[in-house]
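Every heavy atom of this structure was used, including side-chain atoms; hydrogens, water molecules and symmetry mates were not. Because the structure is a prediction, the values reported are computed rather than measured.
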Amino acid sequence: MPQKMMLHTGEFARLVGVNKKTLHYYDAQGVFRPDSVAENGYRCYSMRQLYTFHMIRMLREMGLSLE
């Protein structure tokens, strides 16, 4: 079984073109949570979350709120 490619917050943020604080804010609001959190507290995102994140960003650009 192939292993999932996991990215830390900074890596995922660079990949999707946002600031790390955006991901932290989305997590705090319960809108977009990391796939897992390592024992050291690092948030880890999987590649499969790219689609979900892009959908959230698209809806935000259309004027919908995070609520």
**Q** Quick check on the hydrophobic clustering: are Y42 and V18 connected, directly or via other members, by side-chain heavy-atom contacts under 4.5 Å?
**A**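 Per the 4.5 Å side-chain linkage, Y42 and V18 are not co-clustered.
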
**Q** Ring centroid separation for Y26 and F32, is it under 6.0 angstrom?
**A**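 Between F32 and Y26, which both carry aromatic rings, the centre distance is not below 6.0 Å.
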
**Q** Hey, does Y25 have a side-chain heavy atom less than 4.5 Å from the side chain of K21?
**A**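 Heavy-atom side-chain distance check fails, nothing below 4.5 Å.
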
**Q** To the nearest 0.5 Å, what is the distance between OH (Y45) and CG (L23)?
**A**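 If we round to the nearest 0.5 Å, Y45:OH and L23:CG are 4.5 Å apart.
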
**Q** Grab the two heavy atoms, one from C44 and one from P34, that are nearest each other, plus how far apart they are.
**A**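 Scanning both residues completely, I find the closest heavy atoms to be O-CB, 3.5 Å.
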
**Q** Please round to the nearest 0.5 Å and tell me the distance separating atom OG1 of T22 and atom CG of D27.
**A**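 The distance works out to 12.5 Å.
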
**Q** Report yes or no: do F53 and M47 belong to one cluster of Ile/Leu/Val/Met/Phe/Trp/Tyr joined by side chain heavy-atom distances under 4.5 Å?
**A**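 Hydrophobic grouping puts F53 with M47.
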
**Q** Can you name the nearest heavy-atom pair linking M6 to E11, along with the distance?
**A**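 Smallest heavy-atom distance, with atoms named: O-OE1, 4.4 Å.
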
**Q** Is a donor on one side and an acceptor on the other found under 3.5 Å between the side chain of E61 and the backbone of I56?
**A**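 Not at all, since once roles are kept as given, no pair shorter than 3.5 Å links the two residues.
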
**Q** With rounding to the nearest 0.5 Å, note down the distance linking CE in M58 to CG in L64.
**A**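 M58 CE to L64 CG: 9.5 Å, rounded to 0.5 Å.
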
**Q** Say you draw a straight line from CG of D35 to CZ of F12; how long is it, rounded to the nearest 0.5 Å?
**A**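 These two atoms lie 9.5 Å from each other.
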
**Q** Return the minimal non-hydrogen interatomic distance between L7 and M5, and the atom names on each side.
**A**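 Taking L7 first and M5 second, the nearest heavy atoms are CD2-CE, 3.9 Å.
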
**Q** To the closest 0.5 Å, what do you measure between CE (M55) and CG (L50)?
**A**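 If I round to the nearest 0.5 Å, the distance is 13.5 Å.
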
**Q** If you measure from CG on L59 to CZ on R57, what distance do you get to the nearest 0.5 Å?
**A**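 Result: 11.0 Å between the selected atoms.
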
**Q** Report the C-alpha separation of E67 and Q29 in whole Å, then their side-chain angles, then the decisive distance to 0.1 Å, and conclude whether the side chain to side chain contact (heavy atoms under 4.5 Å, CB included) test is met.
**A** CA-CA 8 Å; E67 295 171 3; Q29 296 299 309; over 6 Å; no

